[in-house]
Protein chains: 2
Amino acid sequence: MAKTSVRKNKDFNPTNCAVTFCMNIIGGKWKPVIIHLIRNNTNRYSLMLKAMPEASKQTLTNQLRELEADGVIERIVFAEVPPRVEYKITAYGGSLLPIIDAMRVWGRKHMPGV
Amino acid sequence: MAKTSVRKNKDFNPTNCAVTFCMNIIGGKWKPVIIHLIRNNTNRYSLMLKAMPEASKQTLTNQLRELEADGVIERIVFAEVPPRVEYKITAYGGSLLPIIDAMRVWGRKHMPGV
DNA sequence: CGGCATCCTAGGAGATACTG
DNA sequence: CAGTATCTCCTAGGATGCCG
């Protein structure tokens with residue numbers, strides 16, 4: 001399991017909470033953004049980086065690796081010059097989309113401004 | 001300091017992401033657990049503390065204060081001896097419950113073991 | 001282009017002791 | 001009973017540099 005914003009002591013999730021388990025997967029600082037970008041075909045490393053200028057390369061890489069390790073996204077390398085890498089949502093990751101959509105709807109309704 | 005554009009703190013959500021806004025509210029380590037306990041009438045400080053022995057008093061207090069500050073829960077003090085404090089989910093907090101339920105369903109389905 | 005390897009820091013979380 | 005007040009520690013996330 002990848003590390004996330006929800007702090008964990010060793011591998012123990014509070015009371016083995018299923019909600020926490022879910023949040024550990026989508027709870028990284030940039031993960032919702034990344035998932036959203038990939039859904040909208042902004043699925044290449046450099047494009048994503050440009051789309052989120054507040055994140056560093058390392059941070060983007062870390063979040064991508066975690067999402068990949070959790071099986072949410074898939075990494076596809078094209079043997080080309082210059083090299084090209086694309087990411088796509090897996091079927092497993094797709095099962096999370098309804099939840100993310102629900103959160104986005106809620107967020108839009110309740111977040112100040114915007 | 002702050003040689004780059006914006007120093008990020010918890011008040012700044014990446015690209016003003018609505019999903020992140022939502023997660024900042026329920027994303028504390030023990031917040032889903034707390035919300036679940038309150039829903040099931042384990043709504044007093046000491047009862048909650050006993051129900052989550054891995055959390056310290058300080059941590060419980062912090063999480064409760066944050067949930068209260070975000071308007072998710074309400075703190076009700078009874079002027080009794082010994083003192084009694086109960087917490088309840090606000091209407092605003094209630095609007096989050098469907099999302100939390102969806103996460104729990106997903107988590108139960110996909111988390112290993114348990 | 002798409003990464004690792006390094007190093008660093010802010011702040012979330014824990015432990016403990018004290019209080020009205 | 002239901003908290004504050006401190007302190008320490010850990011880790012997610014950020015800033016750079018190099019590399020195939």
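Chain A is the first sequence line, chain B the second, and so forth, proteins listed ahead of strands; every chain is numbered from 1. Just so it is clear, the structure is predicted and the values come from calculations on it, not from any experiment.
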Between [X] ([atom1]) and [N] ([atom2]), how many Å, whole number?
X: B:N62; N: C:dA15; atom1: CG; atom2: P; answer: 13 Å
X: A:L64; N: D:dA12; atom1: CG; atom2: C1'; answer: 15 Å
X: A:R65; N: D:dA12; atom1: CZ; atom2: P; answer: 17 Å
X: B:M48; N: D:dA2; atom1: CE; atom2: P; answer: 9 Å

Within the 4.0 Å heavy-atom criterion, would you say [X] contacts the bases, only the backbone, or no part of the nucleic acid?
X: B:Y87; answer: sugar-phosphate
X: A:Q63; answer: sugar-phosphate
X: A:T61; answer: sugar-phosphate

Would you indicate, yes or no, if [N] has its OP1 or OP2 atom less than 4.0 angstrom from a side-chain nitrogen or oxygen of [X]?
X: B:K57; N: D:dA5; value: no
X: B:R44; N: D:dA2; value: yes
X: B:S46; N: D:dA2; value: yes
X: B:W30; N: C:dG12; value: no
X: B:T59; N: C:dA13; value: no

Could you tell me whether A:E86 and A:K88 have a side-chain N and a carboxylate O separated by less than 4.0 Å?
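Salt bridge between A:E86 and A:K88, a charged N being under 4.0 Å from a carboxylate O: no.
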Nearest to the side chain of B:Q58, heavy atoms from C-beta on, is which of D:dG3, C:dT16, D:dT16?
C:dT16
Per B:Y45 side chain, nearest of listed nucleotides C:dG2, D:dG3, C:dT6:
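So the nucleotide nearest the side chain must be D:dG3.
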Give a yes-or-no answer on whether the side chains of B:N62 and B:E66 include a donor-acceptor pair shorter than 3.5 Å.
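The answer is no; no qualifying pair exists.
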In terms of relative ring orientation, are A:W106 and B:F21 parallel, tilted or perpendicular, with 30° and 60° separating the classes?
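Taking B:F21 first and then A:W106, their aromatic rings lie parallel (interplane angle under 30°).
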